[in-house]
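Okay, structure first, notes after.
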Amino acid sequence: MNEIPKAYEPQSVEDKWYDFWLKQGCFTADPKSAKPAYSIVIPPPNVTGMLHMGHVLNNTIQDILSRKARMDGKEVLWLPGTDHAGIATQVMVEKQLKKEEKKSRHDLGREEFLKRVWAWKEKHGDIIINQLKKLGCSCDWTRERFTMDPEYSRCVQKVFVELYKKGLIYRGKRMVNWCPVSQTALSDEEVEMKPQKGFMYHFRVEAVEADGSPVKGVSGRPLTPALSPKGGEGEKSSAPSATDSSAANAASNVSKSAGASKASTASGPLSPIGGEGQGEGADERKGGPEIDSQGRIWLTIATTRPETIPGDTAVAVNPKDPRYAHLIGKHIVRPLPAELPREQKLIPIIGDEHVDFEFGTGVLKVTPAHDKADFDIGTRHKLPLIEVINADGTMNTLAGGPLAGLDRFKARKVAVEILTEQGVMIEAKPYENNVGFSQRADVPIEPRLSEQWFLKYPAVEQSKACVEQEGMGSAPAPGAGASALAGDSGRVTSFDAHGKSARLTATDGASVAAPEAGALPKMRFHPQRWAKVYDHWLTNIQDWCISRQLWWGHRIPVWSKKANEGDSGFTSLQNQLNAFKQNGSLIHMNLYTPHARNEGGTNVLKHDPQENYFVRLDVAVDPTEEKIISLLEQNGFTQDPDVLDTWFSSWLWPFATMGWPEQTETLKKFYPTTDLVTGPDIIFFWVARMIMAGYEFMGEKQFALPDAMPFQNVYFTGIIRDKQGRKMSKTLGNSPDPLVLIAQYGADALRFGTMRSAPLGQDVLFDEKDVELGRNFCNKLWNACRFRQMVGSADGQTEGEINPALLTSDDKWILVRLDLAIREVSEALNTYNFATAVQTLYRFFWSEYCDWYVEASKAAFFGSDDALMANKLAVIDFVLGNTIRLFHPFLPFITEELWHGMGYSKELPENLGGKTIMFAAWPKPFNAEEKEYFGLDDVADKIAAAKYELVGLGRNLRRELKLDPAKKLKFILKPAGELATAEVEVLKILLNAEAVGVVAQNWTPAKGTPSAANALGEIFLPLEGLIDIGAEKVRLTKEAEKIQSEISKVEQKLANPNFTTKVPPAVLAEHEQRLVEWRTKLAHTQSSLEVLG
RNA sequence: GCGCGCUUAGCUCAGUGGUAGAGCAUUACCUUCACACGGUAGGGGUCGCAGGUUCGAAACCUGCAGCGCGCACCA
């Protein structure tokens, strides 16, 4: 390492070492290795994705864990790959197609379109992979997987057929979350509830008998006034109301009854039905039937979606609601579509407990085809379904003339206009409610009845039980210290291959401590509070809608054919298929008869006119069974057009990437994986489902592995936000491009800065300043090594063994600090406290090693004692050698460069750091023997610490006396005890002094000489005649006051008998000691004051 | 509505009962021979509020407030 540049230049270093690591196969995991295994599977980024700060955080953590594990002597597999991101990828290619060729996917056809998607994937799919490489990720790229790989697809299909065979997958007509933009069903997890500003519309409907005649013998309160239609729009007033004379009459009655209501109020109000005897609240309660001047009864309905009125097939009231109960069984006249004859608009008033009579008017319009809750009501009451909204979100012809063809939101406005024209719209109150949005397309989803595939989740109970909940077991102290104390020599060049990591030991400990160890959880979440969220979701779990109306994805491996009554030709085919089954083919058949189907709690409709067939045979079969498929297709069977939810493939990720269903060497060695690192936002999407898949497909029955769990620890990262706390988003433009940052500051700087600001369990407020700090830090590290090269031999050879006899207090001090740093960093990593680890390293290296030790060492290097100098070099090499290794997981590139540049690799065996720092042993703290050998005791440590404190006091004097900092001054030191010459030399250097004169105890300074003192001694700044005695008096008086107040505080405590009798002895001793120290300081200050006169 | 988290220096955050901390920002000074991507010294806090426990509370308990997140949801 000759000719070292003054500043670290990451660009010239990073690619070089990454290529080296790749060529040397450093990332490749060997399942045959005798080393204990450590494994992580990457959360597969979308193949369409670009690296963002979230990836940086997540993958840096995984890389830190992987690199640390290698240094711990583990055989490490970090398995990378990407997922096919069904909707995102398809949408992206569709957009491109539209832009470049002005075609839709339908113009190309399914096969051709898929070719285009694959072509896109081949061209762009490795962008994010290459970005991860830039970040330094040590993934085993020889095992890179993609969820649409042929082998992976086989796993997905096999899993589908097996679950189908088990009866866990079924096809059903259900209300699903429909995205009108991507035109596919979505799972509940893909729907995001957002508050949305809109209106709560109140409109009035007439209650009638089943034959349409007015309801008799019912009273009501007078009509409240309705909104009047906008004037001057002649064409509108003629449109709906002209076709419905009763509505027109009602409209004309509004103004009359408004007047009438005044009159009736004067003579005594007409109470709502049942209003009496219900207490005051009942009268206050809104709603209740109203009566117009002609004696007709009206009900007011509240809705946010008036455009769905044409789809209403009932109105519901709570049977316990005294205002309305008596009207159950009557009908109402549905106001839309207005053009229908009155008799076709009669829908029943039904009673249903679901209706909350506190809410709205207590009258609920029921739209079974377009609302989940209404669908359930419809099922309970066998209501007909009227679908009025198309798949693309526009209204169909059943919605009525003015609405048909309009977008649902435009239709809402028009519906309001029509109701206003009719004179039945009472009010439109601004209203905010939560609306489900499609996560991908960011548009409101439309509840829609459609036939989809659903999965009843497997292994729910096991998955629930395996995750340790807060408070279930004590969190034992991590085993970092225990296992690490077994170190051998000062220069750590060997490792002991413990079978288990400290983390594992910790969890096992918890299991053993509690009774019935076998049944207890073995998986831990970090931070653990997420376990509760996980548990809550599993407790309220709903079946998973796994089908998507897309082309890009794993096509559902079900072939089916419908047949009419009498056409019973399935029997011989079923026999043929059964023969395949007997021979071991993965196939399962289901004969489905819609009109005779037992509903069994599911909402399958009978007598659906759209299902105009008698019987259907569904055959799920592994798509590699070509014979079976061609047999089916010859018989007129067609494959289901839908594909599977992308998560239905990624939930298999931990084992499908390792060669499942074969019992591969890789699975045996690396499954279950050790750690999973991911964001809490996909705890349901991915983490929970992987755990269930693990139990279902890796459990003992299916697969003879000791444990089915896919991972032992799950670390949840925070979410990266900008410095104002906003989520990173493309639209806000607040998401920096990590590659730009890498180019500008270096990958190590980006990693360091990100990790330093990422506390456990909290969101990360990212600021480019952090990366700058990372760069500065790398530069500091670089220059500290440069200093070592400049003061030492220039041939790149490291110095020899440390001679304990020559160690100064500074040497011992830094060795103790190093020991502490090793312990703290190891412990922090074992408990996933990455920010703490980074901060400890920062403190140790910058504030301790550079600020004090390196500065102090200059005394030796600028001195003339060759032996001392050589020993100091040995200490520096020892400390730097350990420091660089401690930094390696965080800063892989610069540490590798320095490892070789400093020559630390030279004496090591090739596989233990000789070739690369990646396999150098993780530093160990000193054991008792080593501490004794080096003489690392409290005394040496305290001498150095006192020395540095005294330096601080000396510098302080200089500043407070406003002396020219550039001027070299003479100090005088009166040591409290024996003090070696070398120590005085260090003081001289650190004080930037011309000289430090040592004087005897009986020496007295000239009057007014400023001084300071601590345990090491007293230091004077003799400046005859230069001192402003008045100012010095003020300074010392102020200081004395400050000290006095501290003394009072402690004295007060010690005077309290409650304190002295109850407090632990150690605390008492510490307080007494403190008091002595303060009193000594006070005495010194006072004597200085006296000297001033 | 239920659950979770947060509230400490201007900012971002450490701090699990015993002398209130770090980094950044800021102020003053310094290009002295590793580093100005640097050094030295400083200023800056009623630890959200109110009670309680304790000899002692930033920390533990209770309540409240504000902010954020998740789940559920009423038309």
Side-chain angles (χ1 to χ4, degrees), chain A residues 4 6-8 193 200-201 301-305 308 315-316 354-367 371 373-374 377 431 433-434 470 527 529-530 532-533 536-537 540 680-681 683-684 719 721 723-725 745 749 756-759 761-767 769-770 772-791 833 835-836 839 842-843 846-847 850-851 854-855 858 861-862 951-952 955-956 958-960 962 964-966 968 990 992 1046 1049-1050 1053-1054 1056-1064 1066-1068 1070-1071 1074 1077-1078:
Chain A
I4 320 169
K6 198 171 169 183
Y8 173 57
M193 300 303 281
M200 176 70 86
Y201 301 99
I301 299 176
T303 183
T304 53
R305 300 200 64 186
T308 63
V315 296
H354 169 79
V355 180
D356 174 1
F357 49 80
E358 297 292 334
F359 190 85
T361 61
V363 186
L364 171 69
K365 67 193 261 314
V366 182
T367 326
D371 184 279
D374 289 4
I377 295 175
Y431 185 71
N433 64 339
N434 281 328
E470 235 154 341
R529 61 187 158 87
W530 292 110
K532 200 168 179 179
V533 177
H536 184 255
W537 184 74
N540 301 293
D681 48 333
I683 191 166
F684 312 137
I719 291 167
R721 299 170 179 278
K723 60 181 165 185
Q724 285 142 46
Y745 299 102
R756 198 178 159 283
S757 59
Q762 282 189 68
D763 289 353
V764 184
L765 300 199
F766 178 82
D767 187 344
K769 284 256 179 220
D770 295 326
E772 203 180 308
L773 182 100
R775 178 201 55 182
N776 295 354
F777 189 85
C778 289
N779 192 54
K780 189 80 175 173
L781 181 58
W782 184 258
N783 274 291
C785 290
R786 206 161 79 98
F787 173 76
R788 157 65 185 87
Q789 296 302 72
M790 290 168 88
V791 295
N833 283 291
T836 306
Q839 275 163 26
Y842 188 100
R843 182 207 70 211
W846 200 308
S847 309
C850 290
D851 286 355
V854 169
E855 293 307 319
K858 286 176 182 174
F861 291 124
F862 300 154
V951 168
R955 287 169 175 170
N956 212 313
R958 175 195 272 272
R959 170 181 153 82
E960 286 188 350
K962 299 193 168 46
D964 178 6
K968 292 228 172 192
L990 293 176
N992 190 27
E1046 292 295 335
K1049 264 200 254 175
V1050 185
K1053 274 191 173 187
L1054 290 172
N1056 183 351
N1058 274 328
F1059 177 81
T1060 46
T1061 53
K1062 289 183 184 173
V1063 91
V1067 176
L1068 186 62
E1070 190 238 326
H1071 276 77
R1074 206 191 301 164
E1077 279 167 21
W1078 283 120

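What you see is a predicted model; the values in this text were computed from it and never measured. Residue numbers begin at 1 in each chain, while the letters A, B, ... track the order of the sequences.
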Scan nucleotides 4-7 of chain B against the protein and return all N/O pairs shorter than 3.5 Å with their distances rounded to 0.1 Å.
| from | atom 1 | to | atom 2 | distance (Å) |
| --- | --- | --- | --- | --- |
| B:rC4 | OP1 | A:Lys532 | NZ | 3.0 |

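- Under the side-chain contact (heavy atoms from CB on, under 4.5 Å) criterion, A:Asp770 pairs with A:Ser757, A:Asp767, sequence neighbours left out.
- Residues that satisfy the ring-ring contact (aromatic ring centres under 6.0 Å, His included) test with A:Trp1078, not counting sequence neighbours, are absent from this structure.
- Every residue meeting the side-chain contact (heavy atoms from CB on, under 4.5 Å) condition with A:Leu773, not counting sequence neighbours, appears here in chain and number order: A:Arg756, A:Tyr842.
- Distance A:His1071 NE2 to B:rG18 P: 10 Å, rounded to the nearest Å.
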Item checked: Contact pattern, 5' to 3', of nucleotides 33-45 of chain B - B, S or - by protein heavy atom under 4.0 Å -> -BBSBSSSSS---
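- The ring-ring contact (aromatic ring centres under 6.0 Å, His included) test applied to A:Phe1059 returns A:His1071, not counting sequence neighbours.
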Taking only N/O atoms, report every protein-nucleotides 53-55 of chain B pair under 3.5 Å with atom names and distance.
| from | atom 1 | to | atom 2 | distance (Å) |
| --- | --- | --- | --- | --- |
| B:rC55 | OP1 | A:Lys1062 | NZ | 2.0 |
| B:rC55 | O2' | A:Asn1056 | ND2 | 3.0 |

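- For A:Lys1062, there are no salt bridge (Lys or Arg N to Asp or Glu O under 4.0 Å) partners, not counting sequence neighbours.
- Annotation: ring-ring contact (aromatic ring centres under 6.0 Å, His included) contacts of A:Tyr745 (sequence neighbours excluded): none.
- For A:Tyr431, the side-chain contact (heavy atoms from CB on, under 4.5 Å) partners two or more places apart in sequence, or in a different chain, are A:Met200, A:Thr304, A:Phe359, A:Asn433.
- Not counting sequence neighbours, the partners of A:Asn956 by the side-chain contact (heavy atoms from CB on, under 4.5 Å) test are A:Glu960.
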Write down the protein N/O and nucleotide N/O pairs, taken from nucleotides 59-61 of chain B, whose separation is under 3.5 Å; answer none if there are no such pairs.
none

